[in-house]
Amino acid sequence: MAAIFQGVGAAAALSSSPSNSFDSKKLLFSPRRSFSVKKGASVVVVRSDGNVNLDLNPRGRRAQQLIANAVATKADSSATSSSSKPGHELLLFEALREGLEEEMERDPSVCVMGEDVGHYGGSYKVTKGLATKFGDLRVLDTPIAENSFTGMGIGAAMTGLRPVVEGMNMGFLLLAFNQISNNCGMLHYTSGGQFTIPIVIRGPGGVGRQLGAEHSQRLESYFQSIPGIQMVACSTPYNAKGLMKAAIRSENPVILFEHVLLYNLKERIPDEDYICNLEEAEMVRPGEHVTILTYSRMRYHVMQAAKTLVNKGYDPEVIDIRSLKPFDLYTIGNSVKKTHRVLIVEECMRTGGIGASLTAAINENFLDYLDAPIMCLSSQDVPTPYAGTLEEWTVVQPAQIVTAVEQLCH
Amino acid sequence: MFGGSPFLFHFINSSRRSLPGDYSHALSLVSSAPHFSFFPSPPSSLLYLSPSIFHSLLHLPFSLLSSSPANTPHQKPKGSRKVERDRTMSSAFSAGKFTTQPFPLNTTSPRSHDKPFNIPSATSPFFGSSRKLRLNSSSKLNLHRRSGTVVAVSDVVKEKKSKFAPNLLITKEEGLVLYEDMVLGRAFEDMCAQMYYRGKMFGFVHLYNGQEAVSTGFIKHLKKEDSVVSTYRDHVHALSKGVPARAVMSELFGKTTGCCRGQGGSMHMFSSEHNLLGGFAFIGEGIPVATGAAFTSKYKREVLKEADCDHVTLAFFGDGTCNNGQFFECLNMAALWKLPIVFVVENNLWAIGMSHLRATSDPQIYKKGPAFGMPGIHVDGMDVLKVREVAKEAIGRARRGEGPTLVECETYRFRGHSLADPDELRDPAEKAHYAARDPITALKKYLIENSLASEAELKAIDKKIDEVVEDSVEFADESPLPSRSQLLENVFADPKGFGIGPDGQYRCEDPKFTEGTAHV
């Protein structure tokens, strides 16, 4: 059946040449106008998971229904609301902004700090207009001193504020590693619980479009060992807004990973207040034959491959793990118990990435349910090259995913 | 350490080497950037240099002159540092209120570096504790040029001095408070050493003996709501801020009754009640946290409209930290946003075994303040009353919203860097010099000589403190060790962060989770 769900590069999928990488140029550089459906234009109708009403996917179920007993019931949780309301359409970066703005209105101690977040509006426009609305102190333009302004955010969090620290590119947060590891992660513990650090550290990462090695880093693999932090990765406007809000409301330090290429995804999201649970995974496409675990941009490669796989007669179950630390072992486990085959598709490098940890976690917990060894498709252990062709080969492409599933389901 | 005029002369000579007779070449190099090197081709901007640039050549900040690769310090002859050269330092900002005033309390000689530089004590390298400088009235000095290079005493104090009996800067009550606090710090640290060697505490323990004047001098000016951020040498900062000795000792023993439940240890003293924001093991990493606390104070006042929020933050750190990026980054941000913070440098000349002079291109740390737009003050950190006066002014500045201050306290640690440090590198003469300037002895002398307290009263305080410290050890000894269930507590403020287990429950909802029997 056709999942409604198409990522960027839907055009490429439709044109049935899955071996090409999808055309993300449109994603990055096209003005919004081009997304409002020119007939025959390539790309970009994006919906989130298949359970949104217009559903060609009658078996779609929300992740929340699967793990109802694990969800703290909140009045504004997304249990059933979004399926019936019309909502409004926006792009992912606008969804992030909306989430941020709503939280800033709701709680005056929420503030933003980062480079060019104020007057410039954010290098990816996530904070556009916020400085005019909330003032220069609440949306603080910092000098280029990641270690120090992240530490400043942590000090502010300890003393009562709820800062959202933006790394202009996640890679820049390598400079803030000292603060993120030692203070952000550990301070609550070493202070014996006296100080909380309700900070959100967010920024775009991942392999973009020929941005070069240093701007194409995947910091989730470096940060995942830090005790005391949570990491989430958003992939759709819906979960971007939901995760942003949940992260801001959380008392724990949360690192929210966005992706450079996903900022212009468009989706219709609910009007009313909702959050996405930080610790839960998202069921993208239920299936029977194989569990494909993915997150962030690779979700779209997977969904593109899924189209091909479906045409070939496979029925993949696609889960966007969303929570990179901790893993939602319930959703994942249920899926493994159903399909008995696992493929992990990630953008991290082979060595020490999220996939590596996930493989270990699944093997530890669900080994009895596996009919085949877990396959993990990751990026090559190379610095991301500038050349477009080389860059394509660095990350996992839909064709490789198709091949992997075929191997797995042999 | 770096002779002024001979140095300048050498500099000029070198420039002549690159372009014979072309003086203006040197000017262009110097005026163009903070770093310069002697490259042959002069920039075209040479044509636009005004004659006044030449004049200002003589008034360049010391650090500029010394940064040339051709004039590295150790190539210089060991000349005496001329006070005259220092006097002519210029900088873009004026320090405003701070002026030089001599202090009557402790007129012993200033820090004399007997090794490796031969500087006679008459021409002291530092301001404020110099007799010579006292003789030069401030009117002779061009204050605009000298911004930030002087020791502070507020004008108010000067007035106060003339109204009351000379030399009395504190009342009896204040004096006793200061004395008690310093004695507590000393006695506590000595007890720590004892306990360490008896195997009651482990790991890295850094003691504060000798530096008590800085902690007491500053922290006793603070309100409870003001914040203090420290380093690994934080026991005495904790005590000065009001954390009970029992809580600190228990923490050192690793017991649950410690201020951080035994989870932090010597280097991570925290107290939310007393606004002690740590205790950091890596140098420099507390400074941004302090900057953040100061930011919160400003935010509360300006965004949250808590008009009376004037909380000040003090960041304590050492001379080694002043070469670290976080220090400079935070000086910049604090000055930029006029944050209510005071950066207190406890310059004890040694970073473990690295002499400050071997690690720093310009060892005068207080001069780095004006470079970022804040006053830089140097004060004798072995003298609690001097520190107290400087602290009062700096904290007052911050409270009034005038912005940050950099205070360099010249101090010394009597013990090694930590209890594991054999302390072999430091010159015994240097140690003896500072031992003679023990801040506690000095204050005691002051109190007695000025009839603020009697020997008996001070002895009573000594005894009381001994009892407090003994009691803290007893308390710590008797306190329980943390149980296994404490291991997973406090990792997350919201324990949902441990995630959802395979059974669909949040791991933290399992009642056995924190006992460690649940699978993580």
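All chains are named by letter (A, B, ...) in the order of the sequence lines, taking the proteins before the strands, and each is independently numbered beginning at 1. This one's a predicted model, so the numbers in the text were calculated from it and none came from an experiment.
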Heavy-atom distance under 4.5 Å to chain B: side chain of [X], backbone, both or neither?
X        : result
A/Phe149 : both
A/Leu140 : side chain
A/Met186 : neither
A/Asp136 : neither

Ignoring hydrogens, what is the shortest heavy-atom contact between [X] and [Y]? Give both atom names and the distance.
X        : Y        : result
A/Asn183 : B/Phe280 : OD1-CE2, 3.2 Å
B/Leu304 : A/Ser109 : CD2-N, 4.4 Å
A/Asn178 : B/Phe282 : OD1-CD2, 3.6 Å
A/Ser148 : B/Glu329 : OG-OE1, 2.5 Å

With respect to A/Met158, which candidate in B/Asn275, B/Val229, B/Leu277 satisfies the side-chain contact (heavy atoms from CB on, under 4.5 Å) definition?
B/Leu277
If you tally heavy-atom pairs under 4.5 Å against chain B, which of [options] wins?
options                                : value
A/Gly193, A/Gly228, A/Ala361, A/Gly333 : A/Gly228
A/Ile144, A/Thr196, A/Asn147           : A/Asn147
A/Asn182, A/Ile154, A/Val254, A/Leu187 : A/Asn182
A/Gly153, A/Ala145, A/Ser191, A/Ser323 : A/Ser191

If you count heavy-atom pairs under 4.5 Å between each of [options] and chain A, which one has the most?
options                                : value
B/Thr296, B/Val303, B/Asn332           : B/Thr296
B/Ser271, B/Cys259, B/Ala290           : B/Ser271
B/Gly497, B/Gly499, B/Gly279           : B/Gly497
B/His311, B/Met267, B/Glu251, B/Met333 : B/Met333

Side chain proximity check, [X] to [Y], heavy atoms < 4.5 angstrom:
X        : Y        : value
B/Trp337 : A/Leu137 : no
A/Thr190 : B/Gln263 : no
B/Phe295 : A/Leu161 : yes
B/Leu336 : A/Pro143 : yes

Backbone N/O of [Y] and side chain of [X]: donor-acceptor pair under 3.5 Å:
X        : Y        : result
A/Gln194 : B/Phe270 : yes
A/Glu251 : B/Asp494 : no
A/Tyr189 : B/Glu489 : no
A/Asp328 : B/Ile500 : no

When you check the side-chain N and O atoms of B/Gln326 and A/Gln179, is any donor under 3.5 Å from an acceptor?
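Result is yes, a qualifying pair exists.
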If you draw a 6.0 Å radius around CZ in B/Phe328, do more than 12 non-hydrogen atoms from other residues or ligands fall strictly inside?
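Counting other residues, nucleotides and ligands, CZ of B/Phe328 exceeds 12 neighbours.
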Distance check, rounded to the nearest 0.5 Å: [X] atom [atom1] versus [Y] atom [atom2]?
X        : Y        : atom1 : atom2 : answer
B/Thr291 : A/Met152 : OG1   : CE    : 7.5 Å
A/Arg138 : B/Glu302 : CZ    : CD    : 13.5 Å
B/Phe498 : A/Glu279 : CZ    : CD    : 11.5 Å
B/Glu285 : A/Ser181 : CD    : OG    : 9.0 Å

Heavy-atom distance under 4.5 Å to chain A: side chain of B/Lys298, backbone, both or neither?
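For B/Lys298, heavy atoms of backbone and side chain both lie under 4.5 Å from chain A.
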